[in-house]
Each structure stands twice: as C-alpha cells, then as structure tokens.
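Nothing here was measured: the structure is a model prediction, and the numbers come from that model.
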Amino acid sequence: MFTKITCGLFLFTLCLPLSNSLCQEPVSLEPIVITRSHLSQATYLLDTENLASSPSSSFMEALRYSPLELQRRGARGAQADFSLRGSSFEGVLILLNGRRINDPQTGHFNYDIPFTREDIRQMKVSSGSRSPLSGPNAVGGALEMSIKTPDTSQAVFESSIGLNQAYANLLSITRAGENAGMRFSAESKDSGGWRDDTDMRSVTNSCAAFIESQNARLSLNAGYQEKEFGAYDFYTPGRGFASREWTKTFLVQSEAAYQAGNASVNQYFSWRRHLDKFMLDKTGQRSLYLNHHCTDVYTPGIEFKVSGGIPDALTAGAEFTEERIRSTNLGNHGRSRESFSLGAEHLFNDALFLEGGASIDDCTEPGGSLTYKLNASLQASRNLSLRAGVSSHTRIPSFTELYYSDPTTVSNPELSAESSRDYEAGFDYKTQRHSCAITLFVRRENDFIDWIKRSGSQAAWKAENITQARTAGIEASVRSAIGGNAEIEGMYSYADRQVEDEGYLYKYGINYARHRFASILYVRALGGVQAIGFTYTKKPARDAWCLMNARFEYPLNGHTLIFLTLDNLFNSEYQEIEGIPQPKRSAECGLRLRW
C-alpha cells in the first residue's frame with residue numbers, strides 16, 4: 001500500500017517535462033555483459049541497465065556469475081552473505097556511488113539494498129589490490145554499485161507469478177528535463193516458501209533526483225526497504241529452529257559537485273538506518289528469545305580531484321563516519337572514524353599505467369590504521385596487457401562480534417582489528433570478438449575474526465582473533481562471440497585458505513568456495529535475448545553442486561515482452577551455508593512493459 005508521500009512523489013514525477021522523442025523509438029534489450037576497461041583489468045563490470053536479460057530473479061543474484069560468491073540463506077532476496085577470494089562474510093566492502101554502506105551490526109545485513117533493478121546502473125566487483133580505498137572491510141575485495149541518473153523520461157512496469165505462491169510487481173517512472181530529472185520506483189515481492197518457514201515478503205520504494213548547471217550538479221538518492229521472512233535456521237544451522245525476522249532499511253545519499261577547469265570538488269553526505277527484529281522460535285515452544293536492533297551510520301565527506309597534469313589525476317579526500325546501535329541484546333554503543341586519503345594515477349606513453357593511493361583511518365574502536373595500494377599495468381602488445389599489484393586492508397569488528405550474547409554465543413569486547421596484505425599478478429588478452437584474463441593472488445591475514453570453539457567441550461561459540469591465515473588462488477575468465485547472434489562468458493576461481501588455528505571448530509564451518517565456475521550463454525533469437533546460466537561450487541570437506549538457470553523472452557512489440565525464468569533446472573539439493581537447505585526447482589513467468 002502506498003503512503004501519501006509515495007503518491008505525492010508519483011504526481012511530482014508525472015509533472016516534470018517529457019521528452020518529445022521518448023515513445024517514438026522501440027526499446028531494445030541487451031544482455032548483461034562482463035567487461036573490463038583498459039586501465040582496470042582486474043575488475044568485473046556487470047551492466048545492469050537492461051537486467052531483464054539475466055537468468056536471475058533479482059539484480060543482486062546476477063552477481064552469482066561474477067567472482068563474488070553469494071551465500072544465500074533464503075530465496076528471492078531474503079538474505080545472503082558475500083564472500084570474495086575466500087574471505088568471510090564480513091570481508092567484502094560494499095559501496096553505493098562510491099560510499100561505504102556496510103552494516104556495522106553484522107555483515108548478514110549487507111544484502112539489504114533498498115533499491116530496485118531499475119535504479120541500478122552498474123555493479124563492479126573489484127578483487128584484491130584493485131579494491132578502492134574507501135574504508136574498512138575490503139579484505140577479499142569490494143562490490144561497487146552505482147545508481148542510474150534519471151536523465152531520460154520513461155516508464156517501466158513488470159509483473160510476474162511463479163511456483164510456491166510467488167508474486168512480484170515493479171513500477172518505475174522517470175521524468176527528465178534538460179537540466180533536471182527525477183525517478184520513483186516501487187517494487188513488491190511475495191513468496192509462500194518452498195517449505196515451512198521459508199516464506200518471504202518485501203516492499204522497496206526509491207527515489208532519485210538531480211539538477212545541474214554548467215559547472216555544478218546536485219543529486220539525491222533515497223531508498224526504503226521492508227522485509228519479513230521465515231528464517232529457518234538462519235543463525236542456528238542444523239538445529240531446526242523455526243525463526244522469524246523483520247528488517248527495515250533506510251538509505252539517503254546526497255552530493256554536490258563543482259567543476260572549475262581541471263579541478264573539481266565533491267561534497268557528500270550519507271545516512272543509513274537498519275532496524276532488525278529477530279524471533280528465534282516463532283512457535284514459542286523451544287525458546288522465547290526476541291531481539292530488537294537499530295543501527296545508524298552518518299557519513300559526511302569531501303573529495304578533491306585535479307586532472308590533466310603530472311600525474312594524470314590526483315585525488316584527496318576526508319571523511320567522518322559515526323556508527324551507533326541501540327539493541328535489547330547488544331546494548332547502546334557508538335564509535336566514530338576519521339579518514340584521510342590520497343591517490344594518484346598516470347599513463348606513460350600510452351603503455352605503462354601506474355595507480356597508487358593511501359588512506360589513514362583513526363577509529364575510536366579499535367584504533368588507527370594505514371592502508372595502501374599500488375598497481376601497474378603494461379600494454380605489452382596490441383592485444384596483450386600485463387599487470388601486478390600490492391595492497392593492504394583492514395577490518396574493524398562488528399557490533400555483534402563485540403557485544404552480542406545468547407545461550408550459545410559469547411561476544412568479545414577486546415577484539416582487535418583484522419589486517420591483511422594482498423599480492424597479485426596477471427594478464428589480459430583481447431581481440432574484437434574474444435577475450436581472456438588470468439590472475440594469481442596471495443593474501444596474508446593477521447588477527448582475523450571468527451566465531452570459534454577451541455574444543456568440542458566448550459559450551460558457547462566465542463568471537464576471537466586468530467593469529468594468521470594465508471589464502472592463495474587463481475581467477476580466470478573468458479568471453480567469446482559465437483557467430484553474429486550468440487555470446488558465451490565463463491569464469492573460474494580457486495582459493496585455498498590455510499589457517500594457524502590449532503584445530504578450532506567454526507560456527508559456520510569453513511564456508512568459502514574452493515572451486516567456483518560460472519558461465520552464461522546469450523542467444524539472440526525469436527526477437528529477444530535468451531539466456532542460460534550454469535554454476536558449479538565446491539567447498540572444502542563438502543560435496544559439490546551444480547545449478548542451471550535460464551531465462552526466455554518473447555517481445556510482443558517494441559515496448560512489451562513476456563518472459564519465463566527457470567531456477568535450479570537440475571533440481572539439485574544444496575546448501576550454500578551448511579545446515580540451511582536451498583530451494584529446489586522453481587519457475588516464474590511475467591510481462592514487462594516499457595514506454
């Protein structure tokens with residue numbers, strides 16, 4: 001149900017100027033394509049402007065075909081963790097428009113992004129030394145998302161129905177003038193669940209606006225998301241608790257950018273609030289455990305950039321972050337972080353590219369840190385480029401690790417920050433129709449944090465710093481055009497993590513993927529884009545599993561198409577997090593209008 005504010009935003013967007021040529025051109029749908037830019041070869045770009053071509057039920061699930069591993073607890077976007085290059089779920093930096101939005105309570109909530117796929121312009125996965133120096137948590141790398149600028153008037157409506165009482169509706173309206181624009185999007189999802197206590201409901205409302213002049217630009221992005229879902233064994237794997245969880249996420253970002261010749265300055269502010277209510281046993285027969293949590297993160301900052309000299313680009317920034325939590329279990333706590341960064345990049349003779357940067361962070365808990373990165377790439381020939389890099393990263397403990405406790409879990413307020421150092425080298429080979437890339441990496445971690453038992457007789461899991469770990473592996477990707485109407489993409493990653501832990505037991509097991517393979521085949525046929533995706537995952541000491549998904553579409557005219565999405569065609573039984581079974585085969589069909 002829309003509120004009065006929601007209706008007001010819709011009316012406002014309808015009143016903005018409409019482009020005269022909008023409805024005269026048919027809409028063409030293109031597949032998501034993983035690409036690489038000349039100067040950032042170790043990053044993976046997922047173009048989500050026309051996400052409808054991906055064999056995924058949401059824009060976040062399209063990440064399963066990138067090096068970033070999704071560790072899902074529930075279906076249809078209920079909850080998932082991120083892992084990259086063998087990292088824990090706390091070891092991936094999440095950025096929206098370049099601003100850190102990691103949840104300070106727990107990384108389990110990093111998946112709560114209060115925007116729809118019609119709002120997302122691009123997602124980029126940056127591993128290791130290519131990760132930006134934009135705050136803590138980039139142990140394995142970073143996921144960077146950017147919001148579309150509402151500069152083209154259009155409207156999108158999509159509705160679908162599927163197995164397990166699944167329904168989804170999406171409406172997005174954009175109105176744009178010459179120097180201003182606004183978009184409003186609303187999405188709802190429902191599912192009865194594939195078994196007891198796996199149902200899910202969510203509502204997402206978002207708004208984007210901008211106004212610009214010749215040398216200045218103001219922008220605002222805001223989103224709200226509300227979820228309610230069955231949380232069967234989400235945090236108690238294998239114990240059979242019929243849990244229930246409710247979350248609300250608010251996110252507001254504003255920016256003011258000014259340009260003067262080769263110099264620019266960007267002032268920004270970000271606010272994220274997350275509310276969580278968790279019931280361990282919804283039946284009340286085994287437990288009456290109930291928690292309420294509320295976190296707030298405030299981040300003002302400023303960036304300066306000068307380009308066109310030596311180096312080609314020089315950037316400097318300062319940022320202040322305040323994190324607060326109010327909880328019936330964790331109590332009331334707060335901490336702040338001050339950050340100062342400096343970066344430079346230069347291209348020598350159109351062949352050798354150097355990029356470097358450093359960031360100094362001073363945090364009230366657990367203290368200060370220095371992180372850095374240095375990358376180099378050499379264009380060895382027309383088609384071949386070589387690259388290498390080194391970087392360091394840090395991760396501060398979450399509020400849950402510091403203050404949470406229950407009958408089976410004990411926090412540790414004396415935890416220190418994790419630190420890590422990455423080394424990598426690789427090459428890229430490109431032609432007009434084919435490309436491939438290989439990267440070798442090594443990461444050394446100190447004082448990494450996990451929930452452990454030192455022996456089987458220990459009663460409760462405890463958050464502790466573990467002395468050292470070493471992760472080594474490889475990432476490889478290929479892309480090839482097949483004739484004039486097909487394209488195939490593939491990705492393989494291997495990670496081996498060795499921990500000096502004296503045989504500790506881990507609450508969530510050794511949950512990283514040792515082997516991962518993913519591929520997508522796109523075929524232009526029947527007037528649309530048909531896509532088939534395949535993934536293979538093998539975790540240490542566990543059986544491997546394979547998943548195949550597909551999406552077929554048929555355009556009725558230039559603005560309307562019907563589609564069918566199939567998930568888990570093999571009907572595989574699998575657990576991305578050990579002890580939490582995932583859904584079997586499912587199907588969803590729908591109608592998409594764009595005008």
Side-chain angles (χ1 to χ4, degrees), residues 58 60-61 63 68-84 87-94 100-114 136-137 139-140 143 197-198 200 202 225-239 241 243-251 272-280 289-297 323 325 327-330 395-406 408-409 411 415 418 448-452 461 463 506-509 511-512 575-582:
S58 70
M60 296 297 287
E61 290 198 354
L63 292 165
L68 186 69
E69 180 194 359
L70 284 185
Q71 301 172 349
R72 293 171 296 178
R73 284 181 167 81
R76 300 182 63 80
Q79 193 181 95
D81 295 337
F82 300 111
S83 177
L84 189 57
S87 73
S88 72
F89 63 86
E90 297 281 2
V92 178
L93 175 64
I94 312 298
R100 181 177 181 268
I101 60 170
N102 288 68
D103 191 279
Q105 179 187 340
T106 173
H108 297 319
F109 299 144
N110 289 338
Y111 196 75
D112 292 346
I113 309 295
N137 292 82
V139 175
L143 168 61
D197 200 39
T198 60
M200 180 266 186
S202 71
Q225 185 177 78
E226 184 173 332
K227 295 181 182 180
E228 178 185 352
F229 49 88
Y232 182 86
D233 265 356
F234 272 23
Y235 313 111
T236 55
R239 298 187 61 187
F241 274 99
S243 303
R244 195 80 182 165
E245 191 156 12
W246 300 258
T247 65
K248 296 180 180 179
T249 308
F250 302 82
L251 182 60
R272 182 183 187 272
R273 167 170 286 186
H274 190 273
L275 297 98
D276 173 58
K277 175 184 174 183
F278 176 70
M279 181 183 297
L280 179 61
Y289 194 74
L290 179 66
N291 278 336
H292 295 263
H293 315 281
C294 176
T295 57
D296 287 285
V297 181
E323 299 177 341
I325 186 168
S327 169
T328 57
N329 182 292
L330 286 74
R395 178 177 89 79
I396 58 178
S398 68
F399 284 137
T400 296
E401 293 165 333
L402 291 169
Y403 306 116
Y404 181 83
S405 63
D406 63 31
T408 63
T409 307
S411 60
L415 290 171
E418 293 184 11
F448 76 90
I449 304 168
D450 212 328
W451 297 92
I452 67 168
W461 302 100
Y506 293 83
K507 181 176 181 179
Y508 296 106
N511 200 44
Y512 71 92
Q575 301 176 2
E576 295 181 340
I577 297 176
E578 191 170 10
I580 307 177
Q582 290 300 295

If we only count heavy atoms from C-beta on, is the [X] to [Y] side-chain gap below 4.5 Å?
| X | Y | result |
| --- | --- | --- |
| Pro104 | Ile325 | no |
| Trp451 | Glu401 | yes |
| Trp246 | Met279 | yes |

Subject >> Stepwise salt bridge (Lys or Arg N to Asp or Glu O under 4.0 Å) check, Glu245 with Arg73 >> reply: CA-CA 12 Å; Glu245 191 156 12; Arg73 284 181 167 81; over 6 Å; no
Nearest-0.5 Å distance, [atom1] of residue [X] to [atom2] of residue [Y]:
| X | Y | atom1 | atom2 | answer |
| --- | --- | --- | --- | --- |
| Ile101 | Leu251 | CD1 | CG | 6.0 Å |
| Phe89 | Ile577 | CZ | CD1 | 8.5 Å |
| Phe399 | Gln105 | CZ | CD | 9.0 Å |
| Leu143 | Ile94 | CG | CD1 | 5.0 Å |
| Glu578 | Gln71 | CD | CD | 12.0 Å |
| Leu70 | Phe82 | CG | CZ | 6.0 Å |

Original post:
Around atom NZ of Lys277, are there more than 12 heavy atoms of other residues, nucleotides or ligands at under 6.0 Å?
Top reply: yes
Contacts of [X] that satisfy ring-ring contact (aromatic ring centres under 6.0 Å, His included) - sequence neighbours left out:
| X | answer |
| --- | --- |
| Phe241 | none |
| Tyr403 | His333 |
| Phe250 | Tyr224 |
| Phe229 | Phe234 |

Original post:
Going through the distances and angles, do Val92 and Asn110 end up as a side chain to side chain contact (heavy atoms under 4.5 Å, CB included)?
Top reply: CA-CA 9 Å; Val92 178; Asn110 289 338; over 6 Å; no
Kindly give the heavy-atom pair with the smallest separation between [X] and [Y], and that separation in Å.
| X | Y | result |
| --- | --- | --- |
| Ser411 | Leu402 | OG-O, 3.3 Å |
| Tyr289 | Ser405 | OH-O, 3.4 Å |
| Tyr232 | Ile580 | O-CG2, 4.2 Å |

Taking salt bridge (charged side-chain N to carboxylate O under 4.0 Å, His left out) as the test, write out the residues that go with [X], two or more places apart.
| X | result |
| --- | --- |
| Asp233 | none |
| Asp197 | Lys282 |
| Glu576 | Arg72 |

**OP:** Kindly state each residue pair satisfying salt bridge (Lys or Arg N to Asp or Glu O under 4.0 Å) with at least one member in residues 100-110, sequence neighbours excluded.
**Re:** Arg100-Glu323, Asp103-Arg272
I'd like to check the side chain to side chain donor-acceptor pair (under 3.5 Å) partners of [X]; sequence neighbours left out, ordered by chain and number.
| X | value |
| --- | --- |
| Ser88 | none |
| Gln225 | Thr204 |
| Asp406 | Tyr404, Thr408, Thr409 |
| Gln575 | none |

Quick one: does [X]'s side chain have a donor or acceptor within less than 3.5 Å of a partner on [Y]'s backbone?
| X | Y | result |
| --- | --- | --- |
| Asn137 | Glu90 | yes |
| Lys227 | Ala78 | yes |
| Gln79 | Tyr111 | no |

**OP:** Assess whether side chain to side chain contact (heavy atoms under 4.5 Å, CB included) is satisfied between Leu275 and Cys294, documenting all intermediate values.
**Re:** CA-CA 4 Å; Leu275 297 98; Cys294 176; 4.1 Å; yes
Subject >> Qualifying residue for side chain to side chain donor-acceptor pair (under 3.5 Å) with Arg273, from Thr295, Thr249, Asp296 >> reply: Asp296
Subject >> Verdict with reasoning, His293 to Phe109, per side chain to side chain contact (heavy atoms under 4.5 Å, CB included) >> reply: CA-CA 12 Å; His293 315 281; Phe109 299 144; 5.7 Å; no
